[in-house]
Amino acid sequence: MKTDQPTAMSPRPNDRYNARAAEPKWQKVWEERGAFRTPDAAGASGRPKYYVLEMFPYPSGRIHMGHVRNYTLGDVIARYKRARGFDVLHPMGWDAFGLAAENAAMEKNLHPKGWTYDNIAAMRAQLKAIGLSIDWEREFATCDPEYYGHEQALFLDFLEAGLVSRKKSMVNWDPVDNTVLANEQVIDGCGWRSGAPVERRELTQWFLNITDFADELLAGLETLEHWPEKVRTMQRNWIGRSEGAKVFFTLEGIADDPDYRLEIFTTRPDTLFGASFCALSPHHPLTQKLAADNEALQAFIKKCDQIGTSEEAIETAEKMGFDTGLTARHPFIEGKTLPVYVANFVLMEYGTGAIFACPAHDQRDLDFARKYKLPVIPVVAPKEMDAAAQAGFIEELAAHGTNAFTGDGVAVNSGFLNGLDVTAAKRTAIEKLEAMKLGQGTINYRLRDWGISRQRYWGCPIPVVHCDDCGIVPVPREQLPVVLPDDVTFDKPGNPLDRHPTWKHVDCPKCGKPARRETDTFDTFVDSSWYFARFCAPKAAGPTDRAATDRWLPVDQYIGGVEHAILHLLYSRFFTRAMHRLGHVGLDEPFARLFTQGMVNHETYRDADGRWLPPSDVTIETAGGTRIAKRISDGAAVTIGSVEKMSKSKKNTVDPDDIIQQYGADTSRWFMLSDSPPERDVQWTDAGAEGAWRFTQRFWRLVTATPDELAEIGTATPNDFDEASLALRRAAHKALDALTDDIENLRFNRAVARIYELANAISGFTASNEAGKWAKREALEMMVLAAAPMMPHLAEECWAALGHETPAVDTEWPVADKALIVEDSVTIAVQVNGKRRDELTIARDADNETVERAALALEKVGKAIDGKAVRKVIVVPGKIVNVVV
RNA sequence: GCCCCUGUGGCGGAAUGGUAGACGCGGCAGACUCAAAAUCUGUUGUUGGCAACAACGUGCUGGUUCGAGUCCGGCCAGGGGCACCA
């Protein structure tokens, strides 16, 4: 860092822009004017609405640069739309429940509530220092009893509507966080927060029936044309729709249940004639039943579980099977039976947990069949082969093929399916199965119902009571919210709610006998699945206010990290549909436009012992083009490492507070917007921050350098501009026009470049008469207003310096004069055989023949043609001339 | 393995199929200054040339086109997502 910082104030007021003084001043002005307050429902304004939302933060205690970037992006849009005449809703809140609060409670002996609200206070102050155009009157935290009380009411609505179920099932148990995790929260077999390998446990849990909406959620993706294709693809894959059939195999060999029918799922019913065995998941109920009195099978199951479902173990894991001795009757081939194995590659979580295997047309089945010497029976042959080639192909595959044939083809060796292509064969096979009552066509989803029970304290209590006589009894609505008790202890592992002496003991709301409260709390993703609807009317008596949600939803622009592509964004889409069904909102898709911004990265530094060093401990000198890093405290050598996402573990973080103290909020905002397109990662560098800081000063100087020159300029447009003044006006209107388009399309890095271009044009201009002064003033005002969404405080200061009494925030967006943008003459390139040889400036409305003649007359063009015959001349008006010889 | 994205100067990045490198960072040279900081001016893709200028240049390689960073095919590299999904 260099030494010149805004702390050193010059006595001359115009010399240095003092961000530390100006920023709080203007924030206060905005607040006093209520500039960012928005009415809940449609007022008399008649203005169109625009809802800008950034994913609300978890109150960890401090904001980080990722927050600065996220909220700056949203703020530019919000301020711009406001200037364009929209009623803008731009709220802020806190996703405040979660494990970190409990961990802090255990580590630092604090109460999660106090810890959370203290953090919120600290982060609110930090966010306010950025100068965001937020309607703070709408602020809430999801841990406010008022908010989660409404969430409990929503849950009861869902319960009544049959959108909730309580099921005993295998769940993902995080042994470190001591809680259940949703499938979406298990990454590579480990808990998404703790990183600990997840265990399987059978528990009774509350589920939200998201699978009821699987088809809708999938179809709805097609309507989200303003979402990144990447996110839509990820959701599509997550939902994982596949069409196929259930087939019921009658099993022989189960003594106590001779009519047992094994249900399997397949997407390839057309290959049934090629079946050579059936396989059960190690966790299939039948496997468990057989294992009860079979030690060898128990040992096999254990072996499968050890390999685990994690990591690349799966990739290299060998197929393993255990022959149960049972056999399954083939549905189509009279008298044929198939051996039934338990196989490690069959997942209980997908389909029915059991398969039939056709080794010739499935790679896994083939691997298994080769290992256990099971038959390989090809039943699909490539179409484009002749009969002899097909016969050869089949023989080769059956005898010693190691690559299953999964492509399209024609059915062979398949009885009534012979000759049909794959699609037709599937359909015919399903019809036959259905006629025989041995199967049915079905659609299978990868998506599971959403398990929302968490065995934790710091979350929204699930509003039900367990009564020995009445069973599950919903808490009566007049008793909501079910408030978390404050007097809890964290000295032992487990759920503090469960061991609280009195909280869970209540009388049954139905029969009045002693009963127990549910002590599980909601997954925190429930909290964030509807907050955008609550923001529309945060004080509403019910969860939502229909007039307000009808006015404001959908969110017109949603901004956040791509890490929520599945979790939060899928859950919110589900919640919106469920709420729509119950009348809480009037639409299906909550977020019309989604923007996923890139991360903020920084160089990493390590000392001689390999320990990470924070940037604040490192100084960098540039000597002869090479950068040398040293530790500030003792000058010890520091190794500069790769550029990585800012993270605590690598210590490569920069504290936004420090940056705002040093340079001001506008400089941070400017830098965040300037270097990279917002969807890409941006690297925070001192040099870049200083460049942004220098520009804020230059901007200020440009506006304030010649106050006398600009004083007392009339408002009427002069009509006697000289060439230079006209050129400045053109540059200003052009820059404004392009910048407006850039902001509309979220290309903020280009918008920044337009401001630089305009600043450069103004710098190079000297007014030589009154009209020139007028032009300069016009350009300056355009520059200030155009930069206002990005650097709002500096813009206000400049706007006031230009003599305006109404703040920039309440000034309309300037409109570029199109007549000034279109120039009379254009410069067009002249190519010979596609190679640029010269350029020519010619009247914009010159006809093609004139342009062609002028182009051919150019000396360099003549040289390039070199006496050859001109075969063709292509003239693209205003763009280019290409002479073909 | 499957799907998606990205490859452009020293760096971040601009370029509706039409003058590649806008704008910024960094570098170099100069002005101002006793000196420094700050600021301002010029310059800056590579190679050759005093210069005018020429040649070459968007990961590689074919193609379409009057014209390709952009479109199409095939590779290579980096990043991300999914993954024994029947």
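Chain A is the first sequence line, chain B the second, and so forth, proteins listed ahead of strands; every chain is numbered from 1.
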Subject >> Length of the line joining A:E679:CD and B:G12:P, which is rounded to integer Å >> reply: 16 Å

Original post:
Pick the nucleotide of RNA chain B nearest each of A:V876 and A:E757; which residue has the one closer to the 5' end?
Top reply: A:V876

Original post:
What is the distance, rounded to the nearest whole Å, between atom CG of A:L702 and atom C1' of B:U39?
Top reply: 13 Å

**OP:** Please give the nucleotide sitting opposite B:C50 as a Watson-Crick or G-U wobble pair, both distances under 3.5 Å, or none.
**Re:** none

Subject >> Selected nucleotide, minimal atom distance to A:S676 side chain, candidates B:G12, B:U16, B:G67 >> reply: B:G12

Enumerate the protein-to-nucleotides 2-8 of chain B contacts in which both atoms are nitrogen or oxygen and the separation is below 3.5 Å.
none

Original post:
Rounding to a whole Å, what distance do you find between A:R754:CZ and B:G13:P?
Top reply: 17 Å

Subject >> Mate of B:A77 where both pairing distances stay under 3.5 Å, Watson-Crick or G-U >> reply: B:U6

Original post:
With no hydrogens and no angle check, do the side chains of A:S763 and A:R698 hold a donor and an acceptor under 3.5 Å apart?
Top reply: yes

Original post:
Between the side chain of A:R669 and the main-chain N/O of A:P789, is any donor-acceptor distance below 3.5 Å?
Top reply: yes

**OP:** Tell me what A:V346 touches on the nucleic acid: a base, only sugar-phosphate, or nothing, going by heavy atoms under 4.0 Å.
**Re:** base

Subject >> Exercise: do A:E852 and A:N848 side chains pair donor with acceptor under 3.5 Å >> reply: no

**OP:** Step by step, work out the side chain to side chain donor-acceptor pair (under 3.5 Å) result for A:Q683 and A:T685.
**Re:** CA-CA 6 Å; A:Q683 188 192 346; A:T685 60; over 6 Å; no

Subject >> Heavy-atom side-chain proximity of A:T287 to A:I301 below 4.5 angstrom >> reply: yes

Subject >> Chi-based syn or anti call at B:G9, which uses purine or pyrimidine torsion atoms and a 90° bound >> reply: syn

Original post:
In whole angstroms, how far is the P atom of B:A38 from the OH atom of A:Y663?
Top reply: 12 Å

**OP:** May I ask you to check whether A:N444 and A:S242 show a side-chain donor-acceptor distance below 3.5 Å?
**Re:** no

Original post:
Starting at CZ of A:R16 and ending at P of B:A37, how long is that distance when rounded to a whole Å?
Top reply: 14 Å

**OP:** Decide yes or no for A:R16 and A:W700: does some side-chain heavy atom of the first lie under 4.5 Å from some side-chain heavy atom of the second?
**Re:** no

Using the 3.5 Å cut-off, write out each protein N or O paired with an N or O of nucleotides 51-59 of chain B and the distance between them.
| from | atom 1 | to | atom 2 | distance (Å) |
| --- | --- | --- | --- | --- |
| B:C53 | OP1 | A:K860 | NZ | 3.4 |
| B:C56 | OP2 | A:K835 | NZ | 3.3 |

Subject >> Non-hydrogen side-chain atoms of A:R448 and A:Y350 separated by less than 4.5 Å >> reply: no

